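Computed from a predicted structure; not experimentally measured. Just so we're on the same page: letters track the sequence lines, and every chain starts at 1.
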There are 2 protein chains.
Amino acid sequence: MENKLIRDLFLGFIRIHILFHAAKEPVYGTEFHEELKRHGYNVSFGTLYPIFHRLEKDGYIIAKKENINGKIRKYYSITEEGNAILKQAKEKANELVAELNEED
Amino acid sequence: MENKLIRDLFLGFIRIHILFHAAKEPVYGTEFHEELKRHGYNVSFGTLYPIFHRLEKDGYIIAKKENINGKIRKYYSITEEGNAILKQAKEKANELVAELNEED
DNA sequence: TTCTTAATATTGTAAAACGATATTGTAAAT
DNA sequence: ATTTACAATATCGTTTTACAATATTAAGAA
């Protein structure tokens, strides 16, 4: 990625974006990976999957295995707890950004 | 801190906030630490100082030692390169947050 | 000279990010 | 029926980062 500072910024957001998308519709790893790529964010599976696992372990998302064309996919959906934390995180994100946008 | 997800979000912003403040006036470690604390962000010196050092090494901020009441302080100011990256980072931050604020 | 204090610096450990590699499950090909 | 191909998830080993705790620095005060 372009720059470490911006990379860190993105990584701070990645969990929240997973929750955000999982709140709209079930998501799975490879699809999310592709979408990030489309938006210019390259994150490896070695980074991405452990994040999904951690979010699941923490109870923010829940997986449902599905057999799609003979391939197993794990579709993750947000939980109630995940929704609550997403709401908080959104507020915090807005707060942090608002500060940056104050008069220069 | 409250929650890892929100903690990560904050940590993604911390470098940018350092640059932001260093762009307005010279800042030093302990003062910045205190200000974060006042805003509810607890980050240890073992985290904070290496971040300052890294930003300096990367050429985004530059230190000027001053003797204040017999104590040495390192006042950091933003560099041109730092200003350029700060601008980029702000844009990226706004972009990332904007996406979260899209209709639910 | 020794004590105190504000500040910066470093150390050792635990956790995270990463690219690379391995594994899984099944449908299609042989 | 066995092998191959493929999409997808999972893990491994290394490097980097976060962290709390501890050490160091410098000089004015006692």
Side-chain angles (χ1 to χ4, degrees), chain A residues 1-18 21-22 26-38 40-58 60-77, chain B residues 1-18 21-22 26-38 40-58 60-77:
Chain A
M1 174 157 306
E2 26 199 346
N3 165 283
K4 172 161 185 356
L5 204 136
I6 290 175
R7 172 88 183 165
D8 282 350
L9 187 67
F10 162 68
L11 283 174
F13 270 95
I14 191 169
R15 287 165 185 78
I16 297 172
H17 271 105
I18 291 174
H21 281 98
V27 295
Y28 65 99
T30 301
E31 168 196 50
F32 193 75
H33 182 259
E34 277 306 310
E35 200 197 313
L36 289 178
K37 216 168 175 178
R38 248 182 284 122
Y41 301 112
N42 264 298
V43 61
S44 89
F45 285 112
T47 301
L48 191 56
Y49 280 116
I51 289 175
F52 271 95
H53 298 163
R54 175 67 191 265
L55 288 173
E56 185 180 25
K57 184 163 162 274
D58 289 348
Y60 298 147
I61 55 179
I62 188 168
K64 192 182 164 204
K65 289 189 187 182
E66 288 198 26
N67 185 322
I68 306 289
N69 298 330
K71 313 294 170 352
I72 296 298
R73 266 187 213 165
K74 285 171 81 172
Y75 277 105
Y76 290 96
S77 306
Chain B
M1 175 153 304
E2 23 201 347
N3 165 282
K4 168 152 187 4
L5 206 135
I6 290 175
R7 173 85 183 168
D8 283 351
L9 188 67
F10 162 67
L11 283 174
F13 270 96
I14 190 169
R15 287 165 184 81
I16 298 172
H17 271 103
I18 291 174
H21 280 99
V27 294
Y28 66 99
T30 302
E31 167 195 51
F32 192 75
H33 182 259
E34 277 306 308
E35 200 196 313
L36 289 177
K37 216 168 177 176
R38 248 183 284 121
Y41 301 112
N42 265 298
V43 60
S44 90
F45 285 112
T47 301
L48 191 56
Y49 279 116
I51 289 176
F52 271 94
H53 299 163
R54 177 66 192 266
L55 288 173
E56 185 180 25
K57 183 163 162 274
D58 289 348
Y60 299 146
I61 56 178
I62 187 168
K64 192 181 164 204
K65 288 189 188 182
E66 288 198 26
N67 184 324
I68 305 289
N69 298 329
K71 313 293 171 351
I72 298 296
R73 267 187 213 164
K74 285 171 81 171
Y75 277 104
Y76 289 96
S77 306

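In this structure, OH of Y28(A) is placed 17 Å from C1' of dA10(D), rounded to the nearest angstrom. For the pair I68(B) CD1 and dA27(D) P, the computed distance is 12 Å after rounding to whole Å. The distance between atom NE2 of H53(B) and atom P of dT16(D), rounded to the nearest whole Å, is 18 Å. Nucleotide dT11(D) holds its C1' atom 12 Å from the OH atom of Y49(A), rounded to whole Å.
Between F45(B) and Y49(B), the two ring planes are parallel [angle under 30°; tilted spans 30° to 60°]. Aromatic ring pairs are classed by plane angle as parallel below 30°, tilted from 30° to 60° and perpendicular above 60°; the pair Y41(A) and F10(A) is parallel.
Between chain A and DNA chain C, the heavy-atom contact criterion of under 4.0 Å yields a 5' to 3' nucleotide range of dA16(C) to dA27(C).
In this structure, I62(A) places its CD1 atom where only 12 or fewer heavy-atom neighbours from other residues, nucleotides or ligands lie under 6.0 Å away.
The shortest non-hydrogen separation linking R15(B) to L55(B) is O-CD1, 4.2 Å. The minimum heavy-atom distance linking S44(A) with H33(A) is given by the pair CA-NE2, 4.4 Å.
Side chains of V43(B) and R7(B) form a contact here, defined as non-hydrogen atoms less than 4.5 Å apart.
Checking side-chain atoms of D58(B) against main-chain N and O of Y60(B) turns up no donor-acceptor pair under 3.5 Å.
Contact check, N67(B) against dA27(D): a side-chain N or O comes under 4.0 Å of OP1 or OP2.
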Heavy-atom protein contacts under 4.0 Å, nucleotides 17-22 of chain D, coded B base, S sugar-phosphate only, - none: SSBBB-
